Novice: 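After the structure tokens below, expect a handful of questions from me.
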Amino acid sequence: MRTDMCGDLRATDIGRTVAVCGWVARRREHGEHLAFIDVRDRTGLVQCVVDGAHDLRSEYVVRVTGTVRQRPEGTTNADLTTGDVEIGDCTVEVLNAAEPPPFPISDRVDADENVRLRYRYLDLRRDRMQRNLRVRAKVNSALRTSMERQGFVEVETPLLWTPTPEGAREFVVPSRLQHGSFYVLPQSPQLAKQLLMVGGVDRYYQIARCLRDEDLRADRQFEFTQLDIEASFVTQDEVLDVISEAVLDAAEAVTGNRPDPIPRIPWVDAMERYGSDKPDLRFGMILMELTEVFAATEFNAFKAPCIKGINAAGLAADYGRNKLDSLTDRAKQLGAKGLVWLKVGDGGALDSPVAKFLSPQEQEGIVAVLRAQPGDLLLLVADERHKVREVLGTLRNDLGRPPVSDGPYRYAWITEFPLFEGLDDQGNPVSAHHPFTMPHPDDLDLLETDPLKVRSQSYDLVLNGWELGSGSIRIHRADIQSRLFKTLGITDEEAQGRFGFLLNAFRFGAPPHGGFAVGLDRLIAILAGEDNIREVIAFPKTQSGLDPLTDAPKPVADTVLRDLGVRLLPPPT
RNA sequence: GGUCCCGUGGUGCAGUUUGGAGUGCACGCCGGCCUGUCAAGCCGGAGGUCGCGGGUUCAAAUCCCGUCGGGACCGCCA
């Protein structure tokens with residue numbers, strides 16, 4: 001039907017008779033016998049010179065045959081890849097007429113999200129979306145190639161899975177053949193891939209769809225895609241190497257440049273330096289330790305277990321009283337008792353409401369530790385250590401963080417996460433990752449004595465302040481798993497009920513294993529320069545979980561419910 | 001469950017603070033003119049439940065309450 005793609009035509013094609021197919025992007029009429037139409041396909045636009053365009057309208061589907069020729073002197077268009085040439089002597093065949101689109105098929109205007117999604121098939125015609133889909137395809141392809149090269153085998157796992165009461169809320173699927181029982185859609189292939197390790201697959205990967213019935217965000221959809229991997233007989237470093245290779249390959253495939261090797265930062269360092277377990281390494285403003293400086297302070301607000309400060313370099317002039325007050329409000333909102341700000345004057349003197357409470361030695365200490373220069377704005381928080389980290393980490397992002405999709409790409413591995421995060425209502429520790437995460441070998445004996453101090457062999461991958469994924473070395477030995485369940489307050493019977501199939505499998509020779517999962521929607525969004533994963537998903541849902549295109553979710557017929565053995569409750573009042 | 005922003009011809013916006021005739025801008029659409037444009041240009045025209053419901057008022061796009069939808073965020077996301 002066609003000989004060429006619109007966007008591919010170049011001066012080297014001059015003289016060829018070609019046929020292109022696509023949509024009428026624009027037409028420019030110059031009287032009865034001269035008109036230009038721009039024909040668009042997924043590769044771009046080409047200008048066709050036609051003898052009148054009266055029967056053509058925007059988005060008509062056409063097949064144009066003609067001869068590629070050099071554009072006349074002075075009429076080339078440097079903004080188009082095809083701008084040196086045009087198709088002349090055109091015959092235009094209308095393959096299909098079209099109504100005017102409900103919004104312009106153009107990158108210049110951003111239509112209402114609801115309208116974009118209702119007419120997603122039109123939205124997808126836009127350059128931006130075409131580009132994003134192709135970035136996505138490139139990433140998928142690069143990852144597959146990388147994983148294959150590294151000896152991994154793609155295995156598909158079930159979508160109809162079994163409920164696991166831990167973790168994210170699951171989508172539930174009623175069983176027609178077993179009334180009263182339900183499948184769930186997997187929040188990840190976690191347990192399936194561990195079974196594959198017991199099955200001797202050794203090196204598994206999958207570009208896997210995962211489903212979680214949790215509230216939606218710019219970086220979260222109900223269904224999302226992970227590069228999921230699991231490997232046997234590996235150390236943590238080996239897992240990190242495999243994933244590093246894969247994501248650097250993906251970035252290189254998209255951008256043409258290979259980002260720097262990915263630094264590995266222990267969790268406690270990330271929290272101390274950036275106040276976050278997903279630090280954005282594109283900017284500094286490190287949280288500096290001031291506790292020692294105020295060891296003997298007379299200033300009551302600084303008689304605290306931990307004092308840290310950040311230096312918002314050069315921002316003193318930008319922050320007048322109002323903005324400083326709202327920063328203070330923000331800090332209090334985050335749970336701080338207060339926020340101390342100091343501006344560094346021209347002579348290096350500190351200008352601050354609390355300056356008079358600080359000794360000269362303390363003031364010098366602040367300047368030295370924060371490497372303060374005239375014009376800098378210094379922000380200090382004194383409190384419990386975890387609170388100081390959290391508040392200053394948030395302020396650091398508020399003050400310094402560029403949009404997520406701005407370059408450069410700064411990946412980071414965060415390692416040695418705590419095994420547990422806090423206590424539940426019954427006073428039992430809560431797994432930070434999941435209950436099959438291997439404790440750090442040096443901390444095993446703390447399981448029974450000081451569980452909250454136990455580090456784990458788990459790790460996150462971060463890119464420009466977005467969490468891209470997480471993984472861990474798993475527990476493969478029954479004795480350690482049993483100790484962990486005991487620490488979590490889970491009895492052997494409960495464990496059997498919840499994860500029996502996995503624990504049974506582990507009795508038959510489970511190899512040491514570990515893995516990781518990379519959130520591809522987020523990775524692709526960042527590589528595509530988007531700050532919302534909807535932009536890299538062909539058919540996403542709105543924030544309230546609706547699909548304006550199909551109107552899903554919808555009620556189903558009573559007969560369907562009857563077949564499933566399901567009865568609806570009256571709507572809540 | 002909560003906080004904040006948004007909803008005005010097909011599209012994007014202004015108008016809302018301080019109530020006074022559906023007022024304005026740009027694009028698109030329809031018709032006409034136009035032989036080198038490229039976000040073509042010029043002339044003319046059509047097109048409105050100001051998301052929806054209620055309230056206040058002589059009078060509501062504008063103020064108040066509720067509700068629906070979109071977005072950002074908190075909670076939630078082992």
Side-chain angles (χ1 to χ4, degrees), chain A residues 25-40 45-54 57-59 69-80 82-83 86 88 99-119 122-123 164-170 187-188 190-191 210-222 224 333-335 394 397-398 417 419-422 424 429-437 456 458 467 470-472 484 488 490 498-499 517 519 531-532 534 540-546 548 551 572:
Chain A
R26 265 183 295 278
R27 80 204 147 102
R28 296 176 290 279
E29 286 191 88
H30 291 258
E32 189 113 12
H33 291 297
L34 177 65
F36 303 96
I37 60 171
D38 292 339
V39 178
R40 179 192 66 236
L45 296 179
V46 66
Q47 170 168 287
C48 305
V49 186
V50 296
D51 179 18
H54 231 73
R57 290 291 182 272
S58 285
E59 301 310 314
R69 66 191 189 198
Q70 176 76 48
R71 290 197 188 190
E73 187 80 30
T75 65
T76 58
N77 184 349
D79 295 335
L80 290 181
T82 60
E86 62 190 12
E99 293 178 20
F103 55 87
I105 313 295
S106 158
D107 286 353
R108 261 184 285 277
V109 237
D110 217 355
D112 179 78
E113 193 69 18
N114 208 16
V115 180
R116 289 181 64 194
L117 294 185
R118 180 167 335 132
Y119 300 95
L122 297 180
D123 197 32
T164 46
E166 312 279 314
R169 184 182 298 116
E170 294 163 323
Q187 29 179 313
S188 81
Q190 179 61 41
L191 300 179
C210 308
L211 299 108
R212 295 179 188 174
D213 190 2
E214 299 287 355
D215 287 2
L216 280 49
R217 289 281 199 285
D219 59 354
R220 278 163 33 190
Q221 284 270 310
F222 285 153
F224 58 99
Q333 207 180 341
L334 294 165
T394 304
N397 278 335
D398 287 354
F417 272 74
L419 188 60
F420 307 106
E421 51 181 14
D424 67 12
V430 180
S431 284
H433 189 54
H434 58 59
F436 315 109
T437 304
S456 65
S458 70
E467 181 191 328
S470 57
S472 62
L484 195 81
L488 288 168
I490 298 174
R498 294 187 199 177
F499 317 109
D531 57 11
N532 191 305
R534 286 192 305 273
K541 308 239 177 335
T542 68
Q543 197 165 64
S544 52
L546 304 178
D551 281 337

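Note on naming: letters A, B, ... go to the chains in the order of the sequence lines (proteins, then strands), and numbering restarts at 1 for each one. Everything quoted here is computed from the prediction, not taken from an experiment.
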Novice: For T76(A), report the nucleic acid contact type (base, sugar-phosphate, nothing); a contact means any heavy atom under 4.0 Å.
Specialist: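 Base: the residue T76(A), judged by heavy atoms under 4.0 Å, touches a nucleobase.
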Novice: With heavy atoms under 4.0 Å as the rule, sort E86(A) into base, sugar-phosphate or nothing.
Specialist: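 Result for E86(A) = base.
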Novice: Which nucleotide, if any, forms a Watson-Crick or G-U wobble pair with rC25(B), using both distances under 3.5 Å?
Specialist: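 Its partner is rG12(B) (Watson-Crick or G-U wobble, both distances under 3.5 Å).
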Novice: May I have the distance from L45(A) (atom CG) to rU37(B) (atom P), rounded to whole angstrom?
Specialist: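 Rounded to whole Å, this separation is 18 Å.
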Novice: Rounding to the closest angstrom, what is the interatomic distance between rU11(B) and rG55(B) at atom C1'?
Specialist: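 After rounding to an integer number of Å, I get 33 Å for this pair.
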Novice: Select base, sugar-phosphate, or nothing to describe what S58(A) touches, counting heavy atoms under 4.0 Å on all strands.
Specialist: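 Answer is sugar-phosphate: S58(A) comes under 4.0 Å of backbone atoms only.
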Novice: Take the protein atom CD1 of I105(A) and the nucleotide atom P of rC29(B), then report the distance between them rounded to whole Å.
Specialist: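 These atoms are roughly 12 Å apart.
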Novice: Using a cut-off of less than 4.0 Å, is there contact between a side-chain N or O of R28(A) and OP1 or OP2 of rA40(B)?
Specialist: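 Yes, because at least one side-chain N or O of R28(A) sits under 4.0 Å from OP1 or OP2 of rA40(B).
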Novice: For rA59(B), give the paired nucleotide (Watson-Crick: N1-N3 plus N6-O4 or O6-N4; G-U: N1-O2 and O6-N3; both under 3.5 Å), or none.
Specialist: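 Because no pair has both required distances under 3.5 Å, rA59(B) counts as unpaired.
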Novice: Just checking, any donor-acceptor pair under 3.5 angstrom between side chains of E421(A) and S431(A)?
Specialist: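 No pair is found: no donor N or O on one side chain lies under 3.5 Å from an acceptor on the other.
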Novice: Report which part of the nucleic acid R40(A) touches: base, sugar-phosphate, or nothing (heavy-atom distance under 4.0 Å, all strands).
Specialist: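 If one applies the 4.0 Å heavy-atom cut-off, R40(A) turns out to touch nothing in the nucleic acid.
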Novice: Restricting both atoms to N or O, compile the protein contacts to nucleotides 4-10 of chain B shorter than 3.5 Å, with distance only.
Specialist:
unit_1	atom_1	unit_2	atom_2	d
rG10(B)	O2'	P102(A)	O	2.8

Novice: Rounded to the nearest Å, what distance is computed from the CG atom of residue L34(A) to the P atom of nucleotide rC33(B)?
Specialist: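 L34(A) atom CG is separated from rC33(B) atom P by 15 Å.
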Novice: Provide the Watson-Crick or G-U wobble partner of rG48(B), both distances under 3.5 Å; none if there is no partner.
Specialist: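 The answer is none; no pair meets the criterion.
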Novice: Given atom CD of E32(A) and atom P of rG32(B), what is their separation to the nearest angstrom?
Specialist: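 Computing the E32(A):CD to rG32(B):P distance gives 10 Å.
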Novice: For F224(A) and R212(A), run side chain to side chain contact (heavy atoms under 4.5 Å, CB included): C-alpha distance rounded to whole Å, both residues' side-chain angles, the deciding distance at 0.1 Å, then the answer.
Specialist: CA-CA 9 Å; F224(A) 58 99; R212(A) 295 179 188 174; 3.6 Å; yes
Novice: Taking it one step at a time, do I105(A) and R40(A) satisfy side chain to side chain contact (heavy atoms under 4.5 Å, CB included)?
Specialist: CA-CA 11 Å; I105(A) 313 295; R40(A) 179 192 66 236; 3.7 Å; yes
Novice: Counting C-beta onward and ignoring hydrogens, is there a side-chain heavy-atom pair between E113(A) and R118(A) closer than 4.5 Å?
Specialist: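 With C-beta onward as the side chain, the pair stays apart.
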Novice: Please measure how far the C1' atom in rU62(B) lies from the corresponding atom in rG19(B), and state the result in whole Å.
Specialist: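 Result for the C1' pair: 6 Å, nearest Å.
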Novice: Each nucleotide in nucleotides 68-77 of chain B should get exactly one letter: B, S or -. Can you fill that in based on protein heavy atoms under 4.0 Å?
Specialist: -SSBBSBBBB
Novice: Whom does rG53(B) pair with, Watson-Crick or G-U wobble, provided both distances fall under 3.5 Å?
Specialist: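 Looking at the geometry, rG53(B) pairs with rC65(B).
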Novice: Could you identify the nucleotide paired to rC34(B), looking across every strand shown and requiring Watson-Crick or G-U wobble geometry with both distances under 3.5 Å?
Specialist: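 Paired with rC34(B), as far as the under-3.5 Å criterion goes, is no nucleotide at all.
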Novice: Do the side chain of T437(A) and the main chain of S472(A) share a donor and acceptor less than 3.5 angstrom apart?
Specialist: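 Side chain of T437(A) to backbone of S472(A): no pair is present.
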Novice: Take atom P in rG48(B) and the same atom in rC43(B), then report the distance between them in whole Å.
Specialist: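 The same atom, P, in both gives a distance of 24 Å.
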Novice: Within a strict 4.5 Å, meaning less than it, do heavy atoms of the E214(A) and F222(A) side chains meet?
Specialist: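 Contact flag for E214(A)/F222(A) side chains = no.
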Novice: Using the C1' atom on both, measure rG10(B) against rC50(B) and round to a whole Å.
Specialist: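 The answer is 16 Å between these two C1' atoms.
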Novice: Base, sugar-phosphate alone, or nothing: which one does D110(A) contact when heavy atoms must sit under 4.0 Å apart?
Specialist: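 Counting heavy atoms under 4.0 Å across all strands, the contact made by D110(A) is with sugar-phosphate only.
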Novice: When the distance from CG of N77(A) to C1' of rC38(B) is rounded to whole Å, what number comes out?
Specialist: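 Computing the N77(A):CG to rC38(B):C1' distance gives 6 Å.
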Novice: For the residue pair L216(A) and Q221(A), establish whether any side-chain heavy-atom pair is separated by less than 4.5 Å.
Specialist: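 In short, these two side chains touch, coming nearer than 4.5 Å.
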Novice: Measure CD1/I37(A) against C1'/rG36(B) and give the value in whole Å, please.
Specialist: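 So the CD1-C1' distance, I37(A) to rG36(B), works out to 15 Å.
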Novice: What is the separation between atom CD on E99(A) and atom P on rU11(B), rounded to the nearest whole Å?
Specialist: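 One finds 14 Å between P of rU11(B) and CD of E99(A), rounded.
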Novice: Could you tell me whether the side-chain ring of H30(A) sits stacked on the base of rA40(B), using a centroid cut-off under 5.5 Å and a plane angle under 30°?
Specialist: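 One would call H30(A) stacked on the rA40(B) base.
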Novice: Could you go through the salt bridge (Lys or Arg N to Asp or Glu O under 4.0 Å) check for R116(A) and D110(A) one step at a time?
Specialist: CA-CA 9 Å; R116(A) 289 181 64 194; D110(A) 217 355; 3.7 Å; yes
Novice: Let me spell it out: for each of R57(A) and G31(A), pick the nucleotide of RNA chain B with the closest heavy atom. Which residue's pick is nearer the 5' end?
Specialist: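 Between the two, 5'-proximity favours R57(A).
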Novice: With hydrogens left out and only the distance checked, is there a donor-acceptor pair under 3.5 Å joining E29(A)'s side chain and the base of rU37(B)?
Specialist: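 It does not, because no donor-acceptor pair links the side chain of E29(A) to the base of rU37(B) below 3.5 Å.
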Novice: For A432(A), answer base if it contacts any base atom (sugar-phosphate contacts may also be present), sugar-phosphate if it contacts only those atoms, and nothing otherwise; contact means non-hydrogen atoms under 4.0 Å.
Specialist: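 Answer is sugar-phosphate: A432(A) comes under 4.0 Å of backbone atoms only.
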Novice: Determine the interatomic distance between P on rC74(B) and the same-named atom on rG54(B); round to the nearest Å.
Specialist: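 Rounded to whole Å, the distance is 37 Å.
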Novice: Using atom P of each nucleotide, how far apart are rG15(B) and rC77(B) to the nearest Å?
Specialist: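 About 41 Å, rounded to a whole number of Å.
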Novice: Whether the R28(A) and Q47(A) side chains hold a donor-acceptor pair (N or O, under 3.5 Å, no angle test) is what I'd like checked.
Specialist: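 Judged by distance alone, the side chains do pair up.
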Novice: Examine the base of rU37(B) for any acceptor or donor lying under 3.5 Å from a partner atom in the side chain of R27(A), and report the outcome as yes or no.
Specialist: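 Check fails, no donor-acceptor contact within cut-off.
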Novice: Could you give the distance separating rG51(B) and rA46(B) at their P atoms, to the nearest angstrom?
Specialist: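 So the two P atoms sit 24 Å from each other.
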Novice: Do the side chains of N77(A) and R71(A) get nearer than 4.5 Å, heavy atoms only?
Specialist: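 Yes - at least one pair of side-chain heavy atoms lies under 4.5 Å apart.
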Novice: Could you state the atom-to-atom distance from CG of D123(A) to P of rU11(B) in whole Å?
Specialist: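 Nearest whole value for this atom pair: 14 Å.
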Novice: Roughly how many Å apart are rU18(B) and rG69(B), using the P atom of each and rounding to a whole number?
Specialist: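 Result for the P pair: 31 Å, nearest Å.
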Novice: Would you say the side chain of Y119(A) lies within less than 4.5 Å of the side chain of D123(A), judging by non-hydrogen atoms?
Specialist: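 No; the side chains remain at least 4.5 Å from each other.
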Novice: Within the structure, does a side-chain N or O atom of H54(A) lie under 4.0 Å from either OP1 or OP2 of rC33(B)?
Specialist: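 So the side chain of H54(A) is outside the cut-off, no N or O lying under 4.0 Å from OP1 or OP2 of rC33(B).
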Novice: Hey, are the side chains of L488(A) and F420(A) touching, using non-hydrogen atoms and a 4.5 Å cut-off?
Specialist: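 Side chain of L488(A) against side chain of F420(A), heavy atoms only: contact under 4.5 Å found.
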